[in-house]
Amino acid sequence: MKKSLLLFIVFCSFFSFSQKKKMRWSDTFVAKEKPRIPREEVEIFIDEDEYLITFEAGDFNEDKLIDAVAITAKKDEVSAYNKDQTKTKRKVLILKRNNEGKLEKIAENEDIVYCYLCESPFGSPLTSIVFSGNTFAIEHEAGKANRWARIITFEYNFEQQQWLLLKDASSIYNIMNSSGFQSDVKTRKDFGNILFTNYDAFSLDLVKKSTD
């Protein structure tokens, strides 16, 4: 009887210990809350004839201050296209928070985002900005059954304190036929170091042509 009682106590102790040691997925994984800033902080950088399409926030230089990347367009981009198919450009703004806690524009480029209806007969091909650590990506996708996508990613270089093109990836595919998937991914091995301000998504060599 004593032996059975001892075994029972040992079993209960072991079971209790194993229950405490057992880790659940929800105990070990905690999703980080996305950094957010008031829209009004970004809108002060928008010209009177423009509107803010979208923006995302993040700490790209690890100074514990929340920065932002924004995309703007002309207010009349839709009517201008409908009238005479004018393809107005859209701008990408990089906004860095200074030591006084205010955002300041450090870079701008209007040759990254596809314009309204560009390569997209059903509307704007721009889908999102994705901030991740010291990188951000501009994502496009368009089409119906036959679709295309292009994701352009930039990385902040801490040594140079500059944004550089990290990757330019495009793909063509049919949502009903996975075997027809085609992709083209260019990295720094292909194009070297290209500054954010010098990048041109619509140039064959990805670099803006000099106008001098």
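None of the values given here were measured: they were computed from a predicted structure. Side chains are part of it too, since the values below use all heavy atoms of this structure and drop only hydrogens, waters and symmetry mates.
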Of the options D47, N109, D111, which is the one that meets K91 in a side-chain contact (heavy atoms from CB on, under 4.5 Å)? D47

side-chain contact (heavy atoms from CB on, under 4.5 Å) partner of W148, chosen from P125, S170, S171: P125

Keeping T153 on the side-chain end and L166 on the backbone end, is there a donor-acceptor pair under 3.5 Å? no

Taking every non-hydrogen atom, the tightest pair across [X] and [Y]:
X    : Y    : value
K87  : C115 : CB-SG, 3.5 Å
R147 : K144 : CG-O, 3.0 Å
V185 : A169 : CG2-CB, 3.9 Å
I112 : A201 : O-CB, 3.8 Å
K167 : F191 : N-CZ, 4.2 Å
A149 : Y173 : CB-CE2, 4.4 Å

For the [atom1] atom of [X] and the [atom2] atom of [Y], what is their distance to the nearest 0.5 Å?
X    : Y    : atom1 : atom2 : result
L126 : Y114 : CG    : OH    : 11.5 Å
N61  : I106 : CG    : CD1   : 8.0 Å
L65  : K102 : CG    : NZ    : 14.5 Å
W163 : N134 : CH2   : CG    : 6.5 Å
R97  : K64  : CZ    : NZ    : 15.0 Å
K96  : D59  : NZ    : CG    : 9.5 Å

When K186, R150, R188 are each screened for salt bridge (charged side-chain N to carboxylate O under 4.0 Å, His left out) with D168, the one that passes is R150

The single option from K34, R39, R36 passing salt bridge (charged side-chain N to carboxylate O under 4.0 Å, His left out) against E56: K34

Trace of the side-chain contact (heavy atoms from CB on, under 4.5 Å) decision for L164 with E155: CA-CA 5 Å; L164 300 173; E155 180 181 49; 5.7 Å; no

Tell me if the aromatic rings of F136 and Y156 count as close, with their centers under 6.0 Å from one another. no

So which residues get pulled into I46's cluster when ILVMFWY side chains under 4.5 Å apart are joined, directly or through others? I37, V42, I44, F45, L52, F55, I66, L93, L95, L103

Look at the side-chain heavy atoms of Ile, Leu, Val, Met, Phe, Trp and Tyr, link any pair under 4.5 Å apart, and say whether [X] and [Y] land in one connected group.
X    : Y    : answer
F158 : F60  : yes
V69  : Y51  : yes
I138 : I53  : yes
F122 : Y116 : no

Tell me whether E77 is salt-bridged to R90, with the criterion being a basic N under 4.0 Å from an acidic carboxylate O. yes

Any idea how F154 and F196 line up, ring-wise: parallel (<30°), tilted (30 to 60°), or perpendicular (>60°)? perpendicular

Go through L165 and I152 one step at a time and tell me if the side-chain contact (heavy atoms from CB on, under 4.5 Å) criterion holds. CA-CA 8 Å; L165 180 63; I152 302 164; 3.8 Å; yes

